[in-house]
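Reading through the structure tokens given below for one structure.
No hydrogens, no waters, no symmetry mates; every other heavy atom, side chains included, goes into these values. Just so you know, residue 1 is the first one in the sequence shown, and it goes up from there.
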Amino acid sequence: MRRTALLVTVTAAALSAAIAGAIPASAVNSYNAQPAPERTEVGALLVQWDRDGDPATPDVVDWYCSGTMIDRDVFLTAAHCTTDWAPGARFYVSLDQDVDGALADAREAGLSPEQIADAVGVEGTAHTNPAYPGNSADSQDIAVITFDSAQAAEVDQRWDFTPATLPTAGQLDAVGSRALDAAPWEIAGYGTEEAERGPGGQVHPGGGVRMKAELGFNALNKTWVRLAMNESRGYGGACYGDSGGPNFVTIDGRRLLAATTITGDGPCYATNVVYRMDAPSARGFLADFVDLP
């Protein structure tokens with residue numbers, strides 16, 4: 001998977017947020033990953049921001065994280081994806097399968113940053129959990145992008161999707177670790193590939209295309225699920241740029257957005273650490289934006 005492959009375009013503050021989404025933000029472009037054109041509820045978070053503090057120079061526009069539509073007008077992502085940007089940053093969501101390609105086409109057409117952002121995504125309003133960054137037991141790392149009625153209508157017009165289904169309160173605990181271990185898990189996102197050796201050290205190629213991969217269950221904690229990315233068992237996992245993206249589990253034939261990608265190992269080889277959507281803290285935040293099951 002990917003965490004935040006486009007780190008080169010961020011400020012120091014945004015870089016730490018993006019890396020928090022690399023080791024705290026991942027995707028699904030690691031080994032055993034496949035394109036996910038059918039996961040139309042999964043999207044990329046784009047940000048338009050002033051990189052150099054000079055209003056006379058063009059803003060930067062690029063994708064940085066992943067996320068999921070959980071209602072017709074609400075996009076779920078991670079708090080570290082929406083924080084530490086320069087003042088005036090604007091947030092957009094794209095549900096395109098190939099966001100990186102769409103951005104490249106818009107740039108080649110000579111569009112301005114504003115026109116690029118509008119061509120590729122739909123602008124919304126970021127709401128970051130005020131309790132973020134929390135602590136190691138509960139990072140509170142959750143945010144949403146909301147759309148007003150006109151923006152939501154544009155999202156509907158541009159993309160055909162069905163919002164993801166959230167779990168009920170404490171549902172993962174009720175199911176139990178043994179059943180969760182037997183259940184199929186899948187991650188989706190736009191992140192980069194696992195680390196490769198480059199001339200200057202490790203690099204993470206790829207990114208910007210919606211991918212998916214199976215994972216294996218490892219452990220259930222109070223607010224976290226640990227998922228295995230064991231290549232030999234056919235699993236994949238998240239990497240830079242996948243932060244905020246969904247980790248689905250299928251229970252009794254029903255596909256649930258169990259958790260969102262937050263962190264993992266730096267090379268993107270071993271573990272995906274994801275934030276539970278059935279935990280009280282996540283539900284307490286989301287209750288202000290969606291009707292919870």
Side-chain angles (χ1 to χ4, degrees), residues 1-3 5 25-46 63 65-78 92-105 120-122 124 144-145 147 152-167 183-194 206-217 225 227 229 231 233-239 241-261 268 272 274 277 290 293:
M1 303 199 81
R2 319 159 180 190
R3 288 186 190 179
S26 309
V28 187
N29 228 5
S30 58
Y31 39 76
N32 296 321
Q34 299 177 342
E38 78 282 6
R39 291 269 60 85
T40 53
E41 76 276 31
V42 180
L45 178 67
L46 288 70
W63 72 271
C65 284
S66 301
T68 315
M69 297 298 297
I70 56 173
D71 204 340
R72 308 307 300 187
D73 57 357
V74 182
F75 178 81
L76 171 66
T77 189
Y92 297 77
V93 170
S94 174
L95 303 184
D96 285 345
Q97 168 66 14
D98 184 356
V99 168
D100 206 49
L103 287 166
D105 290 344
V120 179
V122 175
V144 295
I145 307 297
F147 304 99
E154 184 178 356
V155 172
D156 265 334
Q157 183 178 19
R158 292 174 65 168
W159 299 289
D160 182 17
F161 68 95
T162 299
T165 300
L166 293 168
W185 289 81
E186 183 181 79
I187 183 171
Y190 290 77
T192 61
E193 299 177 24
E194 70 274 12
V209 177
R210 185 169 57 221
M211 305 287 285
K212 64 182 179 182
E214 294 183 8
L215 307 98
F217 177 79
V225 183
L227 299 172
M229 296 166 51
E231 182 178 11
R233 297 182 64 185
Y235 297 148
C239 198
D242 282 322
S243 285
N247 292 256
F248 297 107
V249 65
T250 300
I251 299 173
D252 294 331
R254 195 177 188 201
R255 182 188 188 87
L256 302 175
L257 199 177
T260 55
T261 299
C268 309
N272 196 34
V274 300
M277 292 297 101
V290 294

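When all heavy atoms are compared, the tightest approach of Ser66 to Tyr190 is OG-N, 3.0 Å. Of all non-hydrogen atoms in Leu257 and Pro246, the two that sit nearest each other are CG-CB, 3.9 Å. Taking all atoms of both residues into account, the shortest heavy-atom contact from Gly43 to Leu95 is CA-CD2, 3.5 Å. A pairwise comparison of heavy atoms in Phe248 and Ala164 identifies CE2-CB, 4.2 Å as the closest pair. Minimum interatomic distance between Pro35 and Lys212 (heavy atoms only, all atoms of both residues): O-CE, 3.6 Å. Nearest heavy atoms, Val120 versus Leu46: CG1-CD2, 3.7 Å.
By the 30° and 60° cut-offs, the orientation of the rings of Phe217 relative to Trp185 is parallel.
With contacts defined as side-chain heavy-atom distances shorter than 4.5 Å, the pair Thr77/Thr260 does not qualify. Considering only heavy atoms from C-beta on, Asn247 comes within 4.5 Å of Asn272 through its side chain. Contact annotation: the side chain of Phe147 approaches that of Val93 to within less than 4.5 Å [non-hydrogen atoms, C-beta and beyond]. Within the 4.5 Å cutoff, the side chain of Thr40 has no heavy atoms near those of the Asp160 side chain. At a threshold of 4.5 Å between non-hydrogen side-chain atoms, the residues Met229 and Ile187 do not count as touching.
To the nearest 0.5 Å, atom CG of residue Asp98 and atom CG of residue Leu103 are 9.0 Å apart. The line from OG of Ser94 to CZ of Arg158 is 7.0 Å long, rounded to the nearest 0.5 Å. Taking CD of Glu41 as the start and CZ of Arg255 as the end, the distance is 6.5 Å to the nearest 0.5 Å. Taking CG from Asp100 and CG from Asp105, the interatomic distance works out to 10.0 Å, rounded to the nearest 0.5 Å. Between the CD atom of Glu214 and the CG atom of Leu227 there is a distance of 12.5 Å, given to the nearest 0.5 Å. Rounding to the nearest 0.5 Å gives a distance of 8.0 Å between CE of Met211 and CD of Gln97.
At least one donor-acceptor pair closer than 3.5 Å links the side chain of Arg210 to the backbone N or O of Val42.
A cation-pi arrangement, defined by a distance under 6.0 Å to the six-membered ring centre and an angle within 45 degrees of its axis, is present between Arg72 and Phe161.
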